[in-house]
Engineer: 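Before I ask anything, here is the structure I am working with.
Letters go in sequence order (proteins before strands), and every chain restarts at 1.
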Amino acid sequence: MIYNKKPAVIDRMILNSVQRDAILYDGGPQLVFAGAGTGKTRVLTAKIAHLIEKGYRPGQLFAATFTNKAAREMRTRIEGLIDISLDGLWIGTFHSLCARMLRLECRHIGYMPSFTIYDSDDQVSIVKKVLRELDIDDRSIPPRQALGAVSRCKNACITPEEFEKQAKGYYDQEILSVYKLYQKKLREQQGMDFDDLLCNTVYLLRQKPEILQRYQEIFKYILVDEYQDTNVAQFQLIKLLSKKHGRVFAVGDDDQSIYGWRGAQVENILSFEREFPDTKIFKLEQNYRSTTAVLNFANAAIAQNLNRAQKQLWTDRQGGEQVIVNRFRDDRQEAQCVAEKILSSMNGKIAGQDIAVLYRTNAQSRAFEEAFRRARIPYVLVGGIGFYERAEIKDCLAYLRLLVNPKDSVSFERIFNVPSRGLGDKAHESLALVAQNKQCSLLEALLTCDISSLGSRAQKGFSDLKTIFELLIDLEKKGEKPHEILLQVLQLTGYMDMLTADDSEEARGRVENINELVNAMVFWKNENPSKKLFDFLEEVTLISDVDSWNKKENAVNLMTLHCAKGLEFKHVYLVGLEDGILPSRQNTDDERKIEEECRLLYVGATRAMEKLECSHVDQRWRFGDLIPSSPSRFLNAIPENLYVFRDNSNYFGQTAQRNELPSKPVRALNSSATLRTPAAPAKQQQVQRNIPQYDDFSQDTVEFRMGQHIRHKVYGRGRILSISGFGEDMKLTVLFNDGSRKKLMAKFASIE
DNA sequence: AGTATCCCTGGCACA
DNA sequence: CAGGGATACT
Ligand SMILES: Nc1ncnc2c1ncn2[C@@H]1O[C@H](COP(=O)(O)OP(=O)(O)OP(=O)(O)O)[C@@H](O)[C@H]1O
């Protein structure tokens with residue numbers, strides 16, 4: 001037996017001495033406080049494995065990671081390290097851990113375990129309703145702003161009662177009433193938003209000492225990754241859970257705190273020692289990820305921030321490729337040139353999946369997607385409009401959510417007339433009235449109340465809907481498999497028929513998506529035979545952008561800087577380093593926010609292992625207008641000897657090659673051009689002669705129709721009223737948004 | 001009364 | 001580029 005005994009985890013992993021110390025230390029609160037790429041995540045993983053190996057049961061560990069994906073990966077790593085089942089281990093994001101606890105305990109705070117978790121769209125629709133009911137003009141307080149204010153309160157664990165005490169002035173009073181009514185509505189429909197998951201857990205533990213005590217005894221260790229991005233509610237939770245034994249193990253880096261706008265507080269990590277007495281701090285100083293070139297650049301970037309803890313950070317990966325800073329004319333050239341650079345790396349020995357293009361906002365991805373498609377570079381886009389945010393998917397989920405929680409009126413309102421059943425505002429209002437009288441939800445009213453007071457058309461619609469729900473609820477009660485229920489939803493409601501009747505490309509895509517949803521549910525059920533429908537619904541609402549990201553064979557990764565946190569790539573392109581983008585326009589007013597933007601640059605730069613290229617452009621397309629843009633103030637503050645500057649703004653691409661490229665867009669264009677207007681090919685020639693090759697693929701496909709929306713370099717947006725002439729002489733009469741009417745030569749007007 | 005359609009505006013982080 | 005509002009159509 002002795003021969004079979006593996007050496008301890010700690011001896012099987014590559015760890016430096018500080019890492020080892022941190023893992024072995026067992027004397028109370030610990031903070032691993034270190035810069036990027038120093039192996040913090042590795043320590044956390046090893047710590048968990050070590051604790052389990054030492055005899056802690058997985059169920060005694062509470063480990064919070066920043067994304068579900070990180071949790072999954074960590075779990076897999078740990079499973080590979082020790083031969084002990086991890087069943088019962090509490091590992092996940094704070095949100096999913098809290099949801100798990102609340103499913104078990106929410107009865108104590110007036111919720112049913114079948115409560116629904118609302119995503120941000122749901123939140124917005126509730127706030128809109130609240131504003132309407134309170135007669136607040138949504139131009140005086142935009143819903144998103146109201147929501148932001150409410151969310152800030154919740155993230156800071158400020159109850160409406162507490163807010164009332166500190167509320168000053170008219171605006172605060174309005175927010176207070178929104179906050180109160182919003183919470184009332186959530187509660188009425190057994191809904192919790194993302195913030196509630198955290199603050200209701202804290203509330204529960206504070207209100208019910210016996211429950212708190214139970215969990216304090218269950219969890220022997222509280223482990224937290226990315227501690228710098230915890231908010232007040234999360235901090236309170238950690239504090240409450242660890243109070244008895246003080247076994248908190250946190251890792252983080254104040255320089256990587258980038259979620260302040262979501263309530264995270266860097267102060268949490270900076271005052272860790274004060275909050276947790278007798279904390280032992282572990283400092284990791286060796287960066288194992290990046291070359292000196294990359295690291296010096298990143299260090300210089302973050303050194304601009306004054307409000308930070310000094311840290312050492314060095315690497316023995318000497319030298320490496322110089323960091324490059326590129327200047328481009330506009331975002332199209334930026335995308336095009338990055339694509340060319342990537343293409344040549346990929347012809348070398350770098351695989352696409354080891355390359356990432358990182359940008360500040362999702363909107364910036366479009367130019368890169370187009371450039372990559374033209375260059376035939378496979379890519380994966382992380383974020384943007386996710387699968388579970390698509391309208392058809394949300395419709396399906398709304399039906400399912402209602403089966404789990406019939407009080408969920410947000411979902412009811414979403415689907416009661418989808419597909420169309422002849423029910424509109426009036427019908428909704430009547431039903432709401434009935435529901436109000438009976439003190440029940442809309443669906444409950446539909447199912448139990450007499451609705452004969454309604455008009456005949458509405459009655460028909462409602463009775464159809466009622467029948468559908470009766471059948472569905474029956475299926476759910478019988479414990480039918482989730483995907484079977486969904487298939488019935490699609491069948492009974494006629495949702496599928498609605499889509500198949502429509503033979504547009506759009507509708508076909510939706511059918512495909514729904515099929516994918518069915519598949520996902522089948523797959524999920526196989527993986528989790530014992531889980532229920534509401535578990536599925538919970539999981540899908542808590543999915544984040546990175547969670548659904550999988551590196552694809554040879555595909556370049558496109559994502560926001562926020563998404564890139566904790567990841568690493570051999571080559572990294574940081575694009576759009578301009579004032580107004582990074583730092584983002586909205587965050588240039590406040591020093592704290594500017595510092596957070598700077599940290600974003602630091603996070604981005606430190607993702608690179610071997611090669612880092614940055615870029616900024618002179619002009620950028622924004623909502624259809626070309627606006628000037630200047631290099632980021634952060635770049636200006638980095639010593640010039642730490643990078644090579646390349647001005648590409650006069651570079652006009654590999655013109656000759658372009659013509660020979662037998663690419664698909666060209667063919668598509670020829671065929672459509674000849675189909676539509678015989679004059680088009682001539683125009684295409686014209687365009688190719690007049691306009692530099694580098695950025696004008698879309699110009700080639702120019703075709704005009706009456707009524708088409710266009711934008712013009714000088715006049716901005718407008719609509720085509722009439723077309724005369726053809727070929728080079730085609731003239732357009734355009735009505736611009738400022739009311740002016742102009743006649744233009746088609747070949748000079750740039751369209752959107 | 002309800003629905004389809006056109007037009008206009010507002011606006012990029014994310015669990 | 002989508003969600004909301006006015007408008008015209010069934
Ligand atoms: N002791 C070590 N020896 C060699 N390589 C290591 C060691 N510890 C970690 N690494 C490697 O260094 C890289 C960074 O590690 P890790 O992701 O754990 O760092 P981190 O501190 O969490 O980074 P970040 O804060 O940027 O997310 C990884 O590729 C990891 O495999």
Side-chain angles (χ1 to χ4, degrees), chain A residues 64-71 92-99 117-121 123-125 128 138-139 142-145 147-148 151 154-155 192-198 226 229-231 233-234 258-264 358-366 382-386 388-391 417-430 454-458 460-461 538-547 559-565 576 580-587 593 596-597 600 603-604 620 622-625 707 709 717-719 735 737 752:
Chain A
T65 58
F66 202 73
T67 62
N68 291 300
K69 182 181 168 63
T93 61
F94 273 104
H95 289 89
S96 49
L97 293 169
C98 287
I117 299 171
Y118 285 138
D119 66 21
S120 46
D121 285 348
Q123 286 180 293
V124 172
S125 50
K128 281 185 182 159
D138 60 4
R139 278 168 310 209
R144 298 208 67 90
Q145 193 181 318
L147 194 55
S151 175
K154 295 214 243 176
N155 280 318
M192 292 198 203
D193 63 19
F194 290 130
D195 305 323
D196 283 329
L197 292 176
L198 304 176
E226 309 279 11
D229 275 322
T230 51
N231 63 26
Q234 291 162 341
I258 54 176
Y259 283 88
W261 49 273
R262 221 171 66 192
L358 308 180
Y359 36 79
R360 178 64 234 268
T361 68
N362 274 320
Q364 289 167 257
S365 71
R366 165 143 274 124
V382 185
I385 341 102
Y388 288 100
E389 279 147 342
R390 292 167 182 282
N417 197 33
V418 181
S420 178
R421 302 183 177 89
L423 299 169
D425 283 351
K426 270 279 141 58
H428 173 258
E429 209 175 288
S430 325
L454 277 63
S456 66
R457 196 152 155 194
K460 167 85 169 63
E538 172 178 315
E539 279 177 36
V540 301
T541 33
L542 293 180
I543 289 177
S544 73
D545 283 352
V546 247
D547 291 340
M559 66 184 85
T560 62
L561 289 161
H562 285 95
C563 277
K565 181 160 90 155
I581 306 278
L582 189 80
S584 145
R585 173 137 321 133
Q586 306 130 68
N587 293 342
K593 289 181 180 170
E596 180 160 313
E597 297 284 318
L600 223 30
V603 168
R620 186 169 285 282
R622 222 179 109 92
F623 305 138
D625 290 312
H709 286 270
R717 283 191 264 186
R719 190 166 44 97
L735 176 66
N737 283 1
E752 199 167 282

Engineer: Round to a whole Å and report the spacing from NE2 of A:His95 to P of B:dA15.
Structural biologist: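 Rounded to the whole Å, the gap is 9 Å.
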Engineer: Send over the distance from A:Leu358 CG to B:dC14 P, rounded to a whole Å.
Structural biologist: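 In whole Å, B:dC14 P lies 12 Å from A:Leu358 CG.
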Engineer: Does A:Asn362 make a side-chain N or O approach to OP1 or OP2 of B:dC14 shorter than 4.0 Å?
Structural biologist: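 So the side-chain polar atoms of A:Asn362 do come within 4.0 Å of the phosphate oxygens OP1 or OP2 of B:dC14, strictly under.
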Engineer: Within this structure, what is the NZ-to-P distance between A:Lys69 and B:dA15, rounded to whole angstrom?
Structural biologist: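 Answer to the nearest Å: 13 Å.
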Engineer: Between B:dA15 atom P and A:Lys154 atom NZ, what is the distance in whole Å?
Structural biologist: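 About 17 Å, once rounded to whole Å.
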Engineer: Measure CZ/A:Arg144 against P/B:dG11 and give the value in whole Å, please.
Structural biologist: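 To the nearest whole Å, that distance equals 9 Å.
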Engineer: With no hydrogens and no angle check, is any side-chain donor or acceptor of A:Ser420 less than 3.5 Å from a backbone partner on A:Asn417?
Structural biologist: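 Not confirmed, A:Ser420 side chain does not pair with A:Asn417 backbone.
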Engineer: Parallel, tilted or perpendicular for A:His95 and A:Phe194, by the 30°/60° rule?
Structural biologist: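 Geometry flag for A:Phe194 against A:His95: perpendicular rings.
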Engineer: Short question: side chain of A:Asn587, backbone of A:Lys593 - any donor-acceptor pair under 3.5 Å?
Structural biologist: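 No, A:Asn587 side chain to A:Lys593 backbone: no donor-acceptor pair under 3.5 Å.
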Engineer: Could you state the atom-to-atom distance from CZ of A:Arg585 to P of B:dC12 in whole Å?
Structural biologist: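 Interatomic distance, CZ of A:Arg585 to P of B:dC12: 13 Å.
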Engineer: How many Å lie between CZ on A:Arg622 and C1' on B:dG11, as a whole number?
Structural biologist: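 My rounded result for the distance is 8 Å.
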Engineer: Where the side chain of A:His428 meets the backbone of A:Leu423, is there a donor-acceptor pair that is under 3.5 Å apart?
Structural biologist: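 No; zero donor-acceptor contacts below 3.5 Å.
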Engineer: Within the pair A:Lys565 and B:dC14, is there a side-chain N or O less than 4.0 Å away from OP1 or OP2?
Structural biologist: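 Indeed not, no polar side-chain atom of A:Lys565 lies that close.
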Engineer: Rounded to whole angstroms, how far apart are CG on A:Leu147 and C1' on B:dG11?
Structural biologist: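 Rounded to whole Å, this separation is 16 Å.
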Engineer: Map A:Asp195 and A:Pro142 onto DNA chain B by nearest heavy atom, then report which one ends up closer to the 5' terminus.
Structural biologist: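 It is A:Pro142, whose closest nucleotide lies nearer the 5' terminus.
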Engineer: Taking N or O atoms only and anything under 3.5 Å, show me the protein contacts with nucleotides 1-5 of chain B, one pair per line.
Structural biologist:
residue, atom, partner, partner atom, Å
B:dT3, OP1, A:Ser420, OG, 2.8
B:dT3, OP1, A:Gly422, N, 2.8
B:dT3, OP2, A:Asn417, ND2, 3.1
B:dT3, OP2, A:Leu423, O, 3.3

Engineer: Does A:Leu198 offer a backbone N or O that forms a donor-acceptor pair with the side chain of A:Gln234 under 3.5 Å?
Structural biologist: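 A pair under 3.5 Å: no.
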Engineer: Does the side chain of A:Ser120 come under 3.5 Å of the side chain of A:Gln123 through a donor N or O and an acceptor N or O?
Structural biologist: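 No - no donor-acceptor pair under 3.5 Å links their side chains.
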Engineer: Consider the side chain of A:Thr560, meaning its heavy atoms from C-beta on, and name the nucleotide among C:dG3, B:dC12, B:dC14 that approaches it most closely.
Structural biologist: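 Between C:dG3, B:dC12, B:dC14, the one nearest the side chain of A:Thr560 would be B:dC14.
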Engineer: So if I take every side-chain heavy atom of A:Ala363 and compare against B:dC14, B:dA15, B:dC12, which nucleotide ends up nearest?
Structural biologist: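 Of the candidates, B:dC12 comes closest.
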Engineer: State, yes or no, whether a side-chain contact exists between A:Asn68 and A:Ile543 at a heavy-atom distance under 4.5 Å.
Structural biologist: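 In short, these two side chains do not touch, never coming nearer than 4.5 Å.
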Engineer: Considering just the side-chain nitrogens and oxygens of A:Ser584, establish if one lies under 4.0 Å of OP1 or OP2 belonging to B:dC12.
Structural biologist: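 For B:dC12, neither OP1 nor OP2 has a side-chain N or O of A:Ser584 closer than 4.0 Å.
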Engineer: Once you apply a heavy-atom cut-off of 4.0 Å, does A:Asn587 come out as touching a base, just sugar-phosphate, or nothing?
Structural biologist: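 Result for A:Asn587 = base.
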